[in-house]
Undergrad: 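My structure is below; once you've seen it, I'll send some questions.
Just so you know, residue 1 is the first one in the sequence shown, and it goes up from there.
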Amino acid sequence: MTIRILGPNLINQIAAGEVVERPSSAVKELVENSIDAGARRIDIVVTDGGRVALSVADDGHGMDADDLALAVQRHATSKLPGEDLENIHTLGFRGEALPSIGSVARLTVTSRTAGADSAWEINVEGGAVSGPEPAAHPPGTRVEVRDLFYATPARLKFLKAPQTERNHVVDAVRRLAMAHPGTAFSLSEGERRILKLPPAQGDLLSARLDRLDAIMGNDFGANALPIEAARESIELTGHIGLPTLNRGNAQMQFLFVNGRPVRDKLLHGAVRAAYRDFLAHDRHPLLALFLEIPPQAVDVNAHPAKTEVRFRDPGLVRGLIVSALKHALAEAGHRASTTVSSAALGAMRPADAPRTGFLPRQPAGGGVPPSTAGNTALAEGAHGFHRPLDQADHGSHVTTPSAPEAAYQADEDEHYPLGAARAQLHETYIVAQTDEGIVIVDQHAAHERLVYEDMKKALAAGGIQRQALLIPEVVELDEAAAERILARTQELTELGLAVEAFGTGAVVVRETPALLGEIDAAGLIRDLADDLAEYDTTLSLESRLADVCSTMACHGSVRAGRRLNAPEMNALLRQMEATPHSGQCNHGRPTYVELRLADIERLFGRR
């Protein structure tokens, strides 16, 4: 076969297959051009999801006739003044977007520079260029794309329904709008306005939160924690949601590098590591993180779509993200998201109740503020939690403090963030009264988190104290499960659990962690064997120990059905206030629900 050089139009069509995958790809490239041109307002219009037509208009610097003629040529760009690909400060730099779009669609570019007498217009149809010619247009640039992929009909088969393509366009515009809050964005489909975002005001951090609030919803704004961290020459800013504000997928996680929206496995892995102690494996937090890094330390030329990046020191970037997120979550204290209370109030409203007059109002304070007071020790109370239950304790489902105790607690504990214990319902839920309402605590979920945090502290301090069983307990398992347990004996010993082989398919438990008190050793070993079957063997020792700690804490915490007296309940509340992350259990579920008095009155129509 004879080797030949491909024609320019065919080269552009091949490049278009990498740069312009669908209408949203074209919108992304054009909006990035507008941002690079210094636009303060960008208007996007799509028809039929962008398949039939799309346009992007801005008030940026604009182009004269000579620049317009060069703009539709392959590898022509104003964004790379030198030859240094390691010093990129713009979103675009490859000079491929306009010629690639023009090779597979009908493209019209109209532009006018500030102070020019008239605008200029150039047309490209299937790679054929005509113009530029004089035209009428205000300062700025307008790019119209019609009949996308008409020149490559095979590509049309891969496009989805118009609604699906429109959703991809919306997602692309939202991501760019998040990174550039000072720019106004509007997105319309025909006469219908889909998105309208005015320019945000104030400093960068508050402006970004306003923009995130408009895009991700008020729930995120009310439950977002600010992120500000730096390490060496890298800066990380943004906002992350409380663990109790989570989703079943990662679609509400937005990551940006130097103002560029990216999808990077390293960054997503760092987010999972930071939230590992607070969310179940199938739940995902809401967040938007902005990484500012010297251009020489990141390669944005890894893919034509520019959505993938490569870091020169990935360990430094990952460590910065994990530490910054963990620090912010620890600073949140026992705070839980306001959506927990809103969901509880919504569940309380009768199904046939009118939708006006009784709708719950979201608390304005954004949750409970972190505690600044409270007893940090619960060692003595914890031993009392594990004492044998009296037979007489099983009769009633409600425990209330005696009258003198109640009066005393009203004077002392009611002013704490989680209030004073007033009752225990069904030996499972603690009801406490605060200055502004009531708090309902799931005693098992709350104590599970407290035990887990205690185990992590003890482990970091050099090991968990063990208590020997008077009679070692033999646990029968299948052979594979026993092998998984025995393969982790060293790790389990560090956690205070001493196990040995006891024949085929069995292990013997000789010591258990002292802080767990009396536990079901056989049930713990079986759960650990199941968990170890699911854990990734490539995880670090620290990550595996954290997972095992979580399972052990669940077995060692106060069980539902255990009767607690008033001092024990109040001790639990005080330790929750003094313990970071106590607003959610180890699986991401809330440990308490706070109901403000105004919301309760609204349930009964008193407001």
Side-chain angles (χ1 to χ4, degrees), residues 269 272-273 276-277 279-283 382-383 385-389 444-445 447-562 585-589:
R272 286 197 302 270
R276 188 176 183 84
D277 285 352
L279 288 178
H281 297 298
D282 59 344
R283 305 301 297 178
H383 288 295
F385 292 154
H386 300 288
R387 74 185 192 282
L389 294 177
H444 173 67
H447 198 242
E448 179 181 349
R449 167 57 68 178
L450 300 181
V451 171
Y452 179 47
E453 294 296 328
D454 284 344
M455 292 188 71
K456 290 199 299 182
K457 290 178 183 177
L459 188 61
I464 297 175
Q465 292 185 351
R466 303 190 296 269
Q467 62 182 8
L469 298 181
L470 184 61
I471 301 177
E473 185 163 353
V474 178
V475 183
E476 297 286 345
L477 302 167
D478 61 71
E479 189 170 348
E483 289 177 355
R484 288 195 296 271
I485 292 292
L486 295 174
R488 299 286 188 271
T489 53
Q490 182 178 355
E491 299 166 19
L492 295 177
T493 301
E494 292 184 36
L495 295 173
L497 187 64
V499 297
E500 298 176 2
F502 195 78
T504 303
V507 298
V508 59
V509 181
R510 299 192 179 277
E511 296 176 324
T512 59
L515 59 83
L516 297 186
E518 298 179 6
I519 61 171
D520 176 11
L524 173 59
I525 291 297
R526 293 190 180 98
D527 284 352
L528 286 175
D530 293 338
D531 290 344
L532 290 173
E534 298 179 6
Y535 295 159
D536 188 351
T537 56
T538 63
L539 291 177
S540 65
L541 174 61
E542 180 182 359
S543 298
R544 291 201 302 266
L545 290 181
D547 287 325
V548 175
C549 277
S550 178
T551 302
M552 296 173 67
C554 183
H555 278 265
S557 58
V558 177
R559 288 293 183 180
R562 180 176 294 276
C585 73
N586 308 341
H587 313 292
R589 295 188 295 269

Undergrad: Search all heavy atoms of Val508 against all heavy atoms of Pro472 and return the closest pair with its distance.
TA: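 That closest heavy-atom pairing would be CG2-CB, 3.6 Å.
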Undergrad: Considering only residues two or more places apart or on different chains, which pairs with a residue in residues 472-483 satisfy salt bridge (Lys or Arg N to Asp or Glu O under 4.0 Å)?
TA: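 Of all non-adjacent pairs touching residues 472-483, none passes salt bridge (Lys or Arg N to Asp or Glu O under 4.0 Å).
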Undergrad: So how far is it from Thr512 OG1 to Ile525 CD1, rounded to the nearest 0.5 Å?
TA: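 Rounded to the nearest 0.5 Å, the OG1-CD1 separation comes out at 10.0 Å.
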Undergrad: Could you list the residues that satisfy salt bridge (Lys or Arg N to Asp or Glu O under 4.0 Å) with Arg466, not counting sequence neighbours?
TA: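 Result, salt bridge (Lys or Arg N to Asp or Glu O under 4.0 Å) vs Arg466: Glu511.
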Undergrad: Drop me the distance from Leu528's CG to Ile485's CD1, to the nearest 0.5 angstrom.
TA: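 Here the interatomic distance stands at 5.0 Å.
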Undergrad: May I have the step-by-step check of side-chain contact (heavy atoms from CB on, under 4.5 Å) for Phe502 and Val474, ending in yes or no?
TA: CA-CA 8 Å; Phe502 195 78; Val474 178; 3.6 Å; yes
Undergrad: Can you name the residues that form a side-chain hydrogen bond (donor to acceptor under 3.5 Å, both in side chains) with Arg510, not counting sequence neighbours?
TA: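 With sequence neighbours excluded, Arg510 shows a side-chain hydrogen bond (donor to acceptor under 3.5 Å, both in side chains) to Glu500, given in chain and number order.
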Undergrad: Measure the CG-CG distance between Leu497 and Leu524 for me, rounded to the nearest 0.5 Å.
TA: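 Reported value, rounded in 0.5 Å steps: 5.5 Å.
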Undergrad: Nearest heavy-atom pair of Ala506 and Ala482: which atoms, and what distance?
TA: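 Smallest interatomic distance, heavy atoms only, reads N-CB, 4.1 Å.
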